[in-house]
Structures are given as structure tokens and as C-alpha cells.
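Working notes, structure below.
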Protein chains: 2
Amino acid sequence: MPQQESPRDQRERGEGGGLHSRVLAELGPAIASGEHPPGTVLRIDDLESRYGVSRTVVREAVRVLEAMHLVESRRRVGVTVLRTEEWNVFDPAVIRWRLAGADRSRQLKSLTTLRTAVEPVAAGLAADAATPGQCRELTVLAAEMAAAGRAADLDAYLVHDIAFHRVVLEASGNEMFARLGDVVAEVLTGRTEHHVMFTAPDPEAVTLHVRVAEAVRARDAVAAESLMREICVGALRELDILAP
Amino acid sequence: MPQQESPRDQRERGEGGGLHSRVLAELGPAIASGEHPPGTVLRIDDLESRYGVSRTVVREAVRVLEAMHLVESRRRVGVTVLRTEEWNVFDPAVIRWRLAGADRSRQLKSLTTLRTAVEPVAAGLAADAATPGQCRELTVLAAEMAAAGRAADLDAYLVHDIAFHRVVLEASGNEMFARLGDVVAEVLTGRTEHHVMFTAPDPEAVTLHVRVAEAVRARDAVAAESLMREICVGALRELDILAP
DNA sequence: GAACACCCATAGGTACTACTTATTCAAGAT
DNA sequence: ATCTTGAATAAGTAGTACCTATGGGTGTTC
């Protein structure tokens, strides 16, 4: 099955679907990237004419942005861009928009710090809760990462890396952790795009992934946790070197 | 300043503001609590007549629910409730709706597990990054918790407890952690409401809070982290006893 | 002259209607 | 049995008319 894509996935990127998604796909990033700094007041009429759509469409897009706490709409005033502290920074759409924007590296850093907190705990839980199928998946994915690493195939490496972390988070049995799979995917993708200069992945990281898979399989929660922590702090350190 | 309340806060609870927020405040919880189980198809016309509002209003509410990934709207089909794995469980509104609903205790558990992962790391970072003002705040809040504990004043205890954890998360200097302050507030509130039977807070927890404040003040990251971990695992254990 | 109350212009909020378009389901052709 | 085609349907879009809250300006009062 070739990764079938839901109509919603397209819509979120503003490709398919309704007009309001297109407006959202332009306005969202514009705000998230700081193009319209906090305090800016947007007028519905302006947006209407700027995007060449009806008021209905603009209002729906604004409602969504409001739900993400990016803007606040008030009578007699307009649509005000809120301070960044108000934003729902956990919303996958907001994360994507910000990563696409200006201070990408600052974003990557704070997201990687989050990983450092969450993933080790998730790995520890996964050692207790993973199904035999998930254990097998992890082993296979780690092996494929190793293979891709040897072949210096960065694309394949990324795909398996993302899949690996996603399985760990899902195997933890905690829905909150599981939902961070998308976040991790964005971070890893962003990271690879960032230092495209590197020719091959860090062999040490590969080894750590293999050992995490082994630890989960062996039901060794302590080892799984500390190995995953090593992976994450490694990622954090790497980031500090490349983008101070 | 008496905790001034923004018009948006009201709107989110469906009190003030527009009609669409009222629809959202009814429909959101109905979905999040499982009243409309995943797979259910809602028709816009139905909602329109059920809530006695115009189509415009319903559509805006639906757009917001769609942004939270609670539902998916498709032509010729209707508004379909998505599987829970799709939901944006980090959205504060979704968290609140779910905590108000049926399996509150399962929610509390998965949220507390998240705390166990995040808060210790945040405390460690706070030990490095907290401003003198934040250090002072923590000390004061811990003292007030102790006082409220001795007086068996659960309400005051809750307020200071929430404030304490919020300051730690903010002091970490990581915006992702900072935004989890609201989540922690919901969890603590939910927890207190849950075992209202208890007459006084755990004195051991109080001591731990005081020691966290001291560790942060002393810039001892390792101690701050492990003490905060004790607080969180304590909360988790407590929860396991009360709601197995 | 400062504080207060009042009024009006404004910009978002709501409603209603007409029309468009994608999509499903089914009937009929191959 | 499978593919094509078409009609029914329900969401999407547009445009308009009207409602309503509210910020700021005006005028009055002490």
C-alpha cells in the first residue's frame, strides 16, 4: 500500500479541498513566521480582497486560527495577532508553519528538548508494553537504519528513523506520547534538510537505535530509557554545534 | 490585579461571545466525551436545527472541530467523527472536554505520565535558567503550599500548587514546556476534584516542593530534576491507588 | 480644566438565499 | 462481472442585508 494520503492531509497543506484551506495555508504561515508580528490588526475586508474570496471563507479561516490561539477576533477592532506565548505550539499545523519560517533552528532546539524529556520515558514504558509485533518492527527498522547508514542513503535513513521513533512512542501505550509521533517526524525531517551537507548519518546513533530495539525486546526498561536518552541528547548536542 | 479575564477565556467556555462558541461548547464536549462515537456522521442541516442557529454558525464551529482533528467534513457525506488516535489531544480545549467527560481517570493517568516525563526535565533546566525573581516566587509559593497544607485548606493549596508548577515550567526557558502549564493546571484541578474526600494534602509532597525551590535557588539541576521526578511519580502512584 | 456620560460610526457577527461542485450510489451498457 | 455514466445529495462558496457590541469622540457637568 503506497502510503495512501487522506484528503485531509492535502487540505492541511492547502493543496486540495476548499478555499478556506488555501487561505489558511497562506495566512497561517504568514502569522507563524512573524510576517504579521503580534499586535498586528488584520481586517476581514482586507483579507477578503487580498485573497479574492468571500467573507464566509475568510471568517472560517480566521476561526481556525483563533482556535489555535494565533489570533483573536474582536468586534469593532479586527483580527489581532496574539503574542507567541499564547499560541498553541503543540498544534502540528503551527509546528509545521513555524519550522517552515524564519527561526527554524530555535524551533528545532525547543522541540528537541521536548524529545529529550518525552522519548526516554516513552522508551521505558515501551519496554514494558510493546507487543511482540512492535518489538519485531523495531528490530527490523533499526537494521534498516543501519543498512541505509552504510549505504549513505539519507532519504531511506530518515524514513526508517521516523518510523522507529513513531513505533516507540506508540508502543508506550500512552496516547499523549503516541500523538507526538508527528512532531518527531517534523523535527527529524527538518533536521535532515538542515544539514544536508552531511554525507552519512552518525554511526554511533545507529548503534544506539539497535540497542534500544534490543532493550525493548529484552523488556529492559531502564536500559531502553537511558539509551533513548543518549540518542536525544546526542541530537540536541548536534543541533547546538550546527546552529548555536 | 484580580486575575483579569480576557473575552476569549469566556468564549472558550462557551459563555460570552458569539453563537458559534456556544455551539462549540456543546458539540465539542459531546464528541470528546464519546457521546457521538467515532464514525458517527453528523449532518450540518441537523446541527443547524438542533442548535437553532444558521448554517454559517454551524460551519464555523465545525471548522474549529476539524482543526482539532475531532471531525472530518467531506462533501456529499457529512461531518464524520474521527477515531480518537487522530485527535489533537494536546489542545487545551480537547483536554478540558475530555476531563469533563466519562473516562476522566484514564485521562488523568495519561496526562500525569506526561508530567512525569516533562516536569523533571523542566525543573532541571529551570535550575540553570530561572531568574532571581522566579527563584523567589518558587520559594514563596512553596511556603504558601506548606501553610495551606497545615491549615488543611485544599483550595488555597491547589492555587499555589498550580502556580508553583507553572513557574517551574516557565522558568525552564522552553516555550513548549511553558505551554504545558495549562495542562498541568487542568490535571491538578481535576485531581483535587477527584479525591475531595481527602482532608489534607500529602505532607511529603509539600516537603518535596520546598526542596525543589531550594534546589533551583541553589542552581542544583540534578537535585531539582530528581526531586521533581519524585513529585510526579508520587502523583502517578496516588492516582493508581485511587483509580485503578 | 478634568471627569463623566452619552452618542455614533465602525467592523465584526449572524442570517438567509441562491448557486456551485464533488462524491456516492445505482442503473444501465459493454 | 465490470465498467461507464448520470442523477441525487450534501457540503462548499458567494453575496447581501441586517444586528450588535464597542472604541472613540463630543458635549455636558462639577
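The structure displayed is predicted, hence computed values, not measured ones. A, B, ... follow the sequence lines: proteins, then strands. Residue 1 opens every chain.
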| field | Parallel, tilted or perpendicular: ring planes of A/F90 versus B/F90, cut at 30 and 60 degrees | value | parallel
| request: Assign B/R43 to base, sugar-phosphate, or nothing according to its heavy-atom contacts below 4.0 angstrom with the strands shown. | output: sugar-phosphate
| task | Side chain of A/I44 only, please: which of D/dG23, C/dT23, C/dG13 is the nearest? | result | C/dG13
| remark: Winner on side-chain proximity to A/R75, out of C/dT14, D/dA21, D/dA11, is D/dA21
With heavy-atom distances below 4.5 Å as the criterion, would you say the side chains of [X] and [Y] are in contact?
X	Y	result
A/L114	A/E119	no
B/I95	B/V183	yes
B/R55	B/V58	no
A/V187	A/T112	yes

| query | Which atom names give the shortest non-hydrogen contact between B/Q134 and B/A129, and what distance separates them? | reply | OE1-O, 4.4 Å
| message | Once side chain to side chain donor-acceptor pair (under 3.5 Å) is applied, what residue pairs with a partner in residues 31-41 of chain B remain, sequence neighbours excluded? | response | none
Expressed in angstrom and rounded to an integer, what is the separation of [X] atom [atom1] from [N] atom [atom2]?
X	N	atom1	atom2	answer
B/D45	D/dA8	CG	C1'	14 Å
B/E72	C/dA22	CD	C1'	14 Å
B/R76	C/dA26	CZ	C1'	11 Å
A/E60	C/dT14	CD	P	13 Å
B/Y51	C/dT14	OH	C1'	18 Å
A/L24	D/dG12	CG	P	14 Å

| request: May I ask you to verify if any side-chain N or O of B/R59 is less than 4.0 angstrom from the OP1 or OP2 atom of D/dG12? | output: yes
| message | Any side-chain N or O of B/R74 below 4.0 angstrom from OP1/OP2 of C/dT24? | response | yes
| For the atom pair OG1 (B/T113) and CG (A/L125), what is the distance rounded to the nearest 0.5 Å? | 6.5 Å
| Helix axis bend for the helix from C/dG1-D/dC30 to C/dT30-D/dA1 - C1'-based end axes, five pairs, 10° rounding | 20°
| message | Test side chain to side chain donor-acceptor pair (under 3.5 Å) on A/H69 and A/D91; report intermediate values, then the result. | response | CA-CA 10 Å; A/H69 289 196; A/D91 191 302; over 6 Å; no
Quick one: which protein N/O atoms are closer than 3.5 Å to N/O atoms of nucleotides 15-18 of chain C? Pair and distance per line, please.
residue: C/dA15; atom: OP2; partner: B/S54; partner atom: N; Å: 3.1
residue: C/dA15; atom: OP2; partner: B/S54; partner atom: OG; Å: 3.1

